Amino acid sequence: MCGIVGYIGGSNAVNAVVEGLHRLEYRGYDSAGITFLEDRELKTIKDKGRVAHLVDMIPPEIFSEVAIGHTRWATHGKPSHENAHPHHDCGGTISVVHNGIIENYILLKELLIKEGHKFVSETDTEVIAHLIEKYYEGSIVLEQAVKMAIDSLEGTYGLVVLSSKEPDKIIAARRASPIILGVGDKENFVASDATAIVKYTKKIIYLEDGELAVLTRNDIRIFNQRNIKVDKKISSITWDEKHTSKDGYPHFMLKEIHEQPGSFHNTLAGHIDAEEGTAHLGGMDNLFPGNSIHRIRRIVILGCGTSWHAGLLGEYYLERLTGIPTEVEYASEFRYRTPSIDEDTFVIALSQSGETADTMAAIKEAKNRGAKVFGIVNVIGSSVSREVNQGLYIHVGPEIGVASTKAFLSQAAALFLIALYIGRKKIVSYKEGMEYIAELEKLEDKLRAVLAGTEKKVKELAEKYASYPSFLYLGRGLNFPIALEGALKLKEISYIHAEGYPAGEMKHGPIALIDKNFPAFFVAPGDEIFEKSLSNIQEIKARDGKIIILTDEGSVIPEKLADDIIRIPATIEVFYPFLEIIPLQLFAYYIAVKKDRDVDKPRNLAKSVTVE
Ligand code: F6R
């Protein structure tokens with residue numbers, strides 16, 4: 001989704017901002033733009049299309065010590081030169097880049113037009129530039145004008161402002177849309193996402209809602225909502241550069257699929273209690289001191305997209321290991337129902353990016369109703385990680401491919417740890433706990449074996465099946481969320497229609513779709529419902545459907561039942577999803593490659609969905 005980057009200091013700001021924009025490309029966008037200073041005036045270059053196209057338009061000899069840039073993901077107005085950011089006031093002396101949505105922009109625009117302001121775009125952002133212009137007069141300095149302007153705004157913003165009248169400063173402000181500040185040596189940075197500036201500095205300040213920052217090359221001053229100067233902690237980000245390169249792989253997605261044995265290891269690191277057959281979770285100890293865990297009457301899991309699918313696995317784990325009624329809710333729907341949440345409800349919020357606006361809104365709603373909220377998050381210091389009461393980082397490193405892969409596996413693993421932690425205090429015996437731990441410890445190797453043992457075969461199958469227009473993904477029990485996630489991966493990156501369905505539900509409707517042109521991908525390991533899955537496969541076979549079966553190495557599949565079989569190592573029932581997801585990710589990946597899709601940046605999608 002939209003990305004922001006800004007630089008002020010002694011080096012060429014244009015280069016730093018362009019580099020940052022390239023690094024933000026993974027978020028998904030349709031236009032890009034930059035404002036810098038040329039002969040004491042603001043010069044803006046912007047257009048729809050890729051950052052590479054923007055770079056072609058920037059004269060190579062340009063040198064400016066201050067610049068702001070943006071990648072836009074259209075919300076108000078189609079992708080075009082006019083709608084691309086930065087936006088300006090009438091006089092062209094103020095330049096604004098903005099993430100988020102200004103809800104009262106129509107009203108503000110009408111008022112400003114009546115006052116004589118001229119608008120050139122369809123965006124909500126342009127009103128901010130004109131509002132600043134309105135207040136920026138006499139002895140008012142830029143930060144004061146920005147403050148007056150944002151006080152009139154309803155909605156969300158992460159915004160950065162530059163003025164040719166005071167080119168020695170950049171102003172940044174935030175309400176519900178992330179802004180981070182990068183602290184350098186005689187230079188400072190601002191961005192919507194640390195990825196944009198990690199090459200230059202690892203020292204980061206997180207702006208909180210309501211705060212406004214004034215950046216010069218030598219210092220950063222931050223003011224709270226009441227205009228009082230605040231001292232902020234400087235955090236260090238630990239990412240290393242390797243995480244943001246493809247490391248020899250053709251795409252980030254393939255690299256991230258291959259990283260899974262290591263990222264899974266990182267998620268578990270420090271959380272396994274092999275003495276007691278349980279999980280060490282400091283955040284859970286803090287959230288539920290003493291015996292208070294026994295007060296939980298209900299568990300609600302919140303998330304969107306792939307995180308919601310991981311939540312479905314969590315539902316199985318929590319109900320099975322704790323006996324506590326558990327539900328998974330789409331975060332985007334949660335606020336618009338009347339959720340029955342109280343102080344005895346334990347809420348778990350899942351978000352890779354930690355910036356998903358729907359998930360943030362749902363967390364706030366749950367907290368308002370008295371629930372304790374525990375976050376499972378990847379991006380350190382992200383909005384979700386700061387909003388929840390306690391949490392757990394999955395530590396998978398930056399996930400750059402828009403389609404989530406390694407985060408899904410680790411979210412599922414984290415949910416299992418929580419289920420085991422609560423379960424051991426309730427219904428899981430020591431012996432059972434030890435069995436889970438023993439198998440968990442073998443999974444890293446099994447994940448490696450899945451990658452080594454299935455990739456070649458899956459690639460061949462992708463070649464064979466790439467021309468089919470639709471796919472069904474089917475599974476029962478714990479395999480159903482994997483079917484959903486496999487279907488989501490395929491549609492996201494290959495643009496092939498795919499549906500995930502509980503295999504037992506087929507006969508209640510979707511079986512009508514089956515014919516020889518509609519392949520069904522069954523996720524059916526040798527678990528306790530394997531025989532029932534085989535019956536569902538027979539139902540498809542009897543209707544001439546093409547069948548691919550993903551199963552374990554020991555399960556016997558009747559002869560001629562499947563057109564193709566992919567086999568993974570055997571594990572215990574609860575852990576099959578961890579192994580199953582890899583071939584499904586690879587299948588989607590290789591089909592997308594075969595169809596020549598933009599795998600890491602699929603059309604219309606954004607990595608970090610910061611609008612509701
Ligand atoms: C799918 C995908 C999305 C995200 C969803 C939530 O591959 O990446 O469906 O899972 O937008 O994002 P997070 O987890 O960042 O809250």
Side-chain angles (χ1 to χ4, degrees), residues 1-3 26-28 73 176-178 192-195 251-254 256-257 260 263 267 301-314 328-334 348-363 373 375-388 391-394 396-412 414-415 473 481-482 484-495 498 500 581-582 584-589 592 597-612:
M1 206 148 259
C2 303
Y26 79 96
R27 293 167 66 103
W73 188 82
S177 188
S192 50
D193 174 337
T195 319
H251 296 98
F252 281 108
M253 182 176 176
L254 189 60
E256 287 159 7
I257 292 171
Q260 286 176 109
S263 55
T267 302
I301 306 175
L302 301 169
C304 299
T306 288
S307 293
W308 185 79
H309 294 157
L312 287 175
L313 288 175
V328 189
E329 303 266 4
Y330 283 113
S332 53
E333 290 293 320
F334 181 73
I348 305 173
L350 294 167
S351 179
Q352 184 286 127
S353 63
E355 301 298 348
T356 303
D358 290 316
T359 309
M360 274 296 282
I363 293 168
V373 184
I376 297 178
V377 179
N378 185 35
V379 178
I380 295 169
S382 56
S383 303
V384 169
S385 72
R386 284 174 294 128
E387 184 64 36
V388 292
L392 171 71
Y393 284 120
I394 55 175
V396 303
E399 193 181 62
I400 308 280
V402 161
S404 187
T405 51
K406 58 181 179 175
F408 173 78
L409 172 63
S410 284
Q411 288 170 329
L415 284 161
Y473 283 72
I482 297 300
L484 286 175
E485 177 59 8
L488 179 64
K489 288 290 90 94
L490 188 68
K491 59 188 144 195
E492 279 182 300
I493 60 166
S494 72
Y495 319 147
I581 192 57
I582 290 183
L584 297 197
Q585 293 166 343
L586 287 168
F587 187 66
Y589 171 78
R597 305 297 193 218
D598 193 351
V599 173
D600 285 332
K601 296 189 278 288
R603 69 181 181 205
N604 305 337
L605 289 179
K607 184 67 185 164
S608 178
V609 185
T610 49
V611 293
E612 273 189 68

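When a ligand or atom number is given, it counts from 1 through the structure's own listing order. This one's a predicted model, so the numbers in the text were calculated from it and none came from an experiment.
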Where ligand 1 meets Lys489 - atom numbers and elements under 4.0 angstrom, heavy-atom basis
1 (C), 7 (O)
Over 60° means perpendicular and under 30° means parallel, so classify the ring planes of Phe587 and Tyr473, tilted if in between.
perpendicular
Under 4.0 Å to a heavy atom of Ser307 - the qualifying atoms of ligand 1, by number:
10 (O), 13 (P), 14 (O)
Just checking, any donor-acceptor pair under 3.5 angstrom between side chains of Thr195 and Asp193?
yes
Using the salt bridge (charged side-chain N to carboxylate O under 4.0 Å, His left out) criterion, which residues pair with Arg386? Sequence neighbours excluded.
Glu208
With side-chain hydrogen bond (donor to acceptor under 3.5 Å, both in side chains) as the test, pick out the partner of Glu355 among Ser383, Ser192, Ser385.
Ser383
Residue Val402 vicinity, atoms of ligand 1 by number, heavy atom under 4.0 Å:
8 (O)
So, regarding Thr359 and ligand 1 (criterion: nitrogen or oxygen to nitrogen or oxygen, under 3.5 Å), is there a contact or not?
no
Atom of Ile493, atom of Pro602 and distance for their closest heavy-atom approach
CG2-CG, 4.0 Å
Specify side chain, backbone, both or neither for Glu492, according to which of its non-hydrogen atoms lie closer than 4.0 Å to ligand 1.
side chain
Check whether Tyr495 forms a cation-pi arrangement with Arg603 (NZ or CZ under 6.0 Å from the six-membered ring centre, at most 45° off the ring normal).
yes
I'd like to know whether ligand 1 has Glu355 as a neighbour, heavy-atom separation below 4.0 Å.
no
What protein heavy atom lies closest to atom 16 (O) of ligand 1? Include the residue and the distance to one decimal.
Thr356 OG1, 2.4 Å
Using side-chain contact (heavy atoms from CB on, under 4.5 Å), reason through Leu484 and His309 one step at a time and then give a plain yes or no.
CA-CA 7 Å; Leu484 286 175; His309 294 157; 3.6 Å; yes
for atom 11 (O) of ligand 1, nearest protein heavy atom and its distance come out as Val609 CG2, 4.0 Å
Among all the protein's non-hydrogen atoms, which is closest to atom 5 (C) of ligand 1, and how far away is it?
Cys304 O, 3.5 Å
Distance from Met253 atom CE to Lys601 atom NZ, nearest 0.5 Å?
14.0 Å
So, is Gln411 polar-close to ligand 1, with some N/O to N/O distance under 3.5 Å?
no
Name the closest protein heavy atom to atom 3 (C) of ligand 1, giving the residue it belongs to and the distance to 0.1 Å.
Thr306 N, 4.0 Å
Numbered in order shown, the ligand 1 atoms found under 4.0 Å of a heavy atom of Ala403 are 7 (O)
Ligand-side contact atoms (ligand 1) for residue partner Ser351, heavy atom cut-off under 4.0 Å
13 (P), 14 (O), 15 (O), 16 (O)
Test of understanding: given a 4.0 Å heavy-atom threshold, classify the contact between Val384 and ligand 1 as side chain, backbone, both, or neither.
neither
Test side-chain contact (heavy atoms from CB on, under 4.5 Å) on Ile400 and Asp600 and set out the steps.
CA-CA 8 Å; Ile400 308 280; Asp600 285 332; over 6 Å; no
